[in-house]
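Have a look at the structure below before the remarks.
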Amino acid sequence: MTLAFSKVAIIGAGAMGRGIAQIAAQAGSQVWLFDTQAEAIQKARDAVFQQWDKLQEKGRLTAEAVAGYKSRLLAATSLQDLADCELVVEAIVEKLDIKKSLFTDLEKILAPTAVLVTNTSSLSVTAIAAALKRPGQFAGYHFFNPVPLMKVVEVIAGLKTDAAVCQRLSEFARQMGHTPVQAQDTPGFIVNHAGRGYGTEALRIVSEGIADFATIDRILRDQVGFRLGPFELFDLTALDVSHHVIEAIYHQYYEEPRYRPNVITAQRLAGGVVGKKVGEGFYKYTDGVAQLPAEPPVPVVDDMPPVWVSPRAARRMELLQLLKDLGANIESGASPSPHALTIVAPLGFDITTVAVVERLDPARTVGIDMLIDDAATKRRVLATNPATRTDMRDAAHALFARDGKAVSVIRDSGGFVTQRVVATIVNIASDMCQQRICSPEDLETAVTLGLAYPLGPLAMGNHYGPTNVLEVLFNLQTVYGDMRYRPSPWLRRRGAICLSLMHTEE
Ligand code: NAI
């Protein structure tokens, strides 16, 4: 195998630099590590050497391989030592001026054919390249932490980057065992942009008082299959990192409502309640373990009322079958009898609106989220409206929990929890495709590898049905009058004519 780059310099020996150095040396390149703090280089080499020793002890690497890797990871004492490198990867402090001046210095030292790349996660690649004589030889190469385990890298073309440079960087990524994805130089690139929907929509739901943090986490884990709920994820990444990312992308996109931050994270950050690393975030931690509040118990209901299901309910036949399986006494009249528990299952609309539009008695009306196939979910989610009587809420809760499946009861919200969060994720991803930031395939790859979602955002949209997602968004926009829910043209067109969200030909 011919290496795309056989002599590589890594500048900045922190968390990212050492990881990139490790995988480049493993690929077979000679790697020079440089940092303004000489002790940082030593610490980084020691840490990487230790990793390799551990892998050798576990029998995952041979002694020869480890000796070879170690011989290829070298310490540089000055930028001059890097003169004959073919590739320089910068992973220093996230400051535009410092990065620009480093690259200007490097251009003077390295051969004109050398490729220079930045690992920036929040700065513009084009802006860093602006002062360079050879911006065609410059690109973004955005890795994720920890680099050896997060096997995806975004290759970002600035305005003037040569396409051949991106291709060569992609080839090198593969040689290092990573999957490259190609992105245009836009705020957040692919992964940090696509990731905006999950946490920000969950924060909106909390700020409306619809459900608490733990309930939202449970719903999204159990209904959609996210490994971590949004608030567990916030606690892990910590708000001193994620709140700034949320704000940066919002402002870089000139206050686009889809990315609007929330005062909840601003206030928690100001109060130092930033996450697991300080022992308290959305959850409190004892010995590193989150203290989860207990689930509300299933109410005991002795006198179960008959049940009537709205003819306009989503997945109505499935809902009726489910109620039959749960042993409900189902009414078949055109309208509910005076004592019936009335079940509605809207997409995007709130329970109040549905009760009013369908002329139902709100005191007896409860909603269920039927976007998701009941057989495929570990939890059912019900919603009341402000007039729902306690006995009707308890009856619905007890009925839907009869087979032992978990049930959460939330307050009235357009689109429940899952509909809102899924629709927001799908909508943001669709708009990234509309803007041609990357190909739909690369978007899916980047998000599944970079964020560990159960499905890529477009596959998620296809799974729940582009038309259903579109309906959720249209109705959310009506309920909230908020531009954040306006559907991307990409989703609107494909949803309207029942096409896959991956469909690119136009
Ligand atoms: P870090 O703080 O762990 O390491 C930065 C290193 O750069 C330090 O050792 C510092 O001494 C050195 N340094 C600072 N200025 C320098 C200069 N002018 N010349 C040479 N060395 C210099 O930072 P980390 O987390 O490794 O981040 C580095 C870059 O990677 C940043 O641009 C960051 O935004 C980006 N990034 C970070 C990720 C993360 O999760 N930590 C993920 C993806 C990108």
Side-chain angles (χ1 to χ4, degrees), residues 9-24 31-48 75-82 85 88-110 116-125 127-129 131 138-156 173 178 180-181 183 185 187-195 233-234 236-249 252 274-277 446 449-452:
I10 313 286
I11 305 194
M16 297 305 289
R18 69 180 60 169
I20 303 166
Q22 178 178 338
I23 60 168
V31 180
W32 280 267
L33 199 49
F34 178 72
D35 197 292
T36 38
Q37 313 284 322
E39 66 276 11
I41 305 177
Q42 199 45 51
K43 264 172 76 179
R45 284 181 84 221
D46 289 349
V48 175
T77 51
S78 76
L79 290 184
Q80 301 296 336
D81 291 353
L82 315 177
C85 284
V88 181
V89 183
E90 167 275 313
I92 66 167
V93 60
E94 188 78 337
K95 291 262 189 312
L96 179 62
D97 289 348
I98 302 183
K99 288 194 197 277
K100 275 173 99 166
S101 92
L102 171 68
F103 283 115
T104 313
D105 292 346
L106 284 167
E107 238 187 3
K108 290 177 199 144
I109 296 168
L110 278 106
L116 309 181
V117 297
T118 175
N119 183 46
T120 184
S121 46
S122 66
L123 302 172
S124 152
V125 170
I128 300 174
F138 184 82
Y141 213 28
H142 184 217
F143 289 87
F144 296 84
N145 193 16
V147 179
L149 300 181
M150 300 293 289
K151 293 191 176 287
V152 61
V153 54
E154 296 174 333
V155 179
I156 301 129
H178 273 45
V181 287
D185 184 21
F189 311 129
I190 305 177
V191 172
N192 286 343
H193 186 167
L233 190 61
F234 274 131
L236 201 65
T237 38
L239 292 182
D240 49 356
V241 176
S242 32
H243 179 73
H244 296 304
V245 175
I246 296 174
E247 281 196 334
I249 292 188
Q252 286 169 343
V274 299
K276 185 175 176 182
K277 68 181 180 188
L449 292 176
L451 296 173

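As the structure lists them, so they are numbered: ligands from 1, and atoms in each ligand from 1. In this text the structure is predicted, and so the values were computed from the model without any measurement.
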Evaluate the criterion side chain to side chain contact (heavy atoms under 4.5 Å, CB included) for residue pair Asn145 and Met150; output intermediate values, then yes/no.
-> CA-CA 6 Å; Asn145 193 16; Met150 300 293 289; 5.9 Å; no
Given Asp35, Asn145, Asn119, which one has a non-hydrogen atom that is nearest to atom 40 (O) of ligand 1?
->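 Ranked by closest heavy atom to atom 40 (O) of ligand 1, first place is Asn145.
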Shortest heavy-atom approach to atom 1 (P) of ligand 1 - which of Ser122, Ala13, Gly19, Gly14 =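 Nearest heavy atom to atom 1 (P) of ligand 1 lies in Gly14.
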Under 4.0 Å from atom 23 (O) of ligand 1, is there any protein heavy atom?
->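 No, because not a single protein heavy atom sits under 4.0 Å from atom 23 (O) of ligand 1.
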Look at atom 34 (O) of ligand 1 and say whether a protein heavy atom is found at less than 4.0 angstrom from it.
->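 Flag for atom 34 (O) of ligand 1 set to true, protein heavy atom closer than 4.0 Å.
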Provide the closest heavy-atom pair for [X] versus [Y] in the form atom of the first, atom of the second, distance.
X	Y	answer
Gln22	Pro148	OE1-CG, 3.6 Å
Ser121	Phe189	O-CE1, 3.9 Å
Ser78	Phe34	CA-CE1, 3.6 Å
Tyr141	Ala173	OH-N, 3.3 Å

Contacting atoms of ligand 1, where contact means under 4.0 angstrom from a heavy atom of [X]:
X	answer
Ile98	18 (N)
Gln37	11 (O)
Lys99	31 (C), 32 (O)
Ile11	20 (C)

Should we say atom NZ of Lys276 is surrounded by more than 12 heavy atoms from elsewhere, each under 6.0 Å from it?
->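 No, because the 6.0 Å sphere around NZ of Lys276 holds 12 heavy atoms or fewer from other groups.
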For atom NZ of Lys43, decide whether the heavy atoms of other residues, nucleotides or ligands shown that lie under 6.0 angstrom number more than 12.
->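 Not more than 12 within 6.0 Å, no.
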Looking at ligand 1, does [X] have a heavy atom less than 4.0 Å from it?
X	value
Phe144	no
Leu102	no
His142	yes

Taking the side chain as every heavy atom from C-beta outward, state whether Ile11 and Val89 have any pair of such atoms under 4.5 Å apart.
->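 When only atoms from C-beta onward are counted, Val89 and Ile11 do not touch, as no gap falls below 4.5 Å.
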Between Glu94 and Leu123, is any pair of side-chain heavy atoms under 4.5 Å apart?
->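 Yes - at least one pair of side-chain heavy atoms lies under 4.5 Å apart.
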Identify the closest protein heavy atom to [atom]: which residue and atom is it, and at what distance?
atom	answer
atom 32 (O) of ligand 1	Glu94 OE1, 2.5 Å
atom 37 (C) of ligand 1	Met16 CG, 3.4 Å
atom 3 (O) of ligand 1	Ala15 N, 3.1 Å
atom 5 (C) of ligand 1	Ala91 O, 3.8 Å
atom 20 (C) of ligand 1	Thr36 N, 3.5 Å
atom 43 (C) of ligand 1	Phe143 O, 3.2 Å

Where do Leu102 and Leu79 land on the side chain to side chain contact (heavy atoms under 4.5 Å, CB included) test, with the steps shown first?
-> CA-CA 9 Å; Leu102 171 68; Leu79 290 184; 4.0 Å; yes
Between Phe144 and Lys151, does a side chain to side chain contact (heavy atoms under 4.5 Å, CB included) hold up when you go through it step by step?
-> CA-CA 8 Å; Phe144 296 84; Lys151 293 191 176 287; over 6 Å; no
Give yes if a backbone or side-chain nitrogen or oxygen of Ile92 is under 3.5 Å from a nitrogen or oxygen of ligand 1, and no if not.
->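 Yes, Ile92 has an N/O under 3.5 Å of an N/O on ligand 1.
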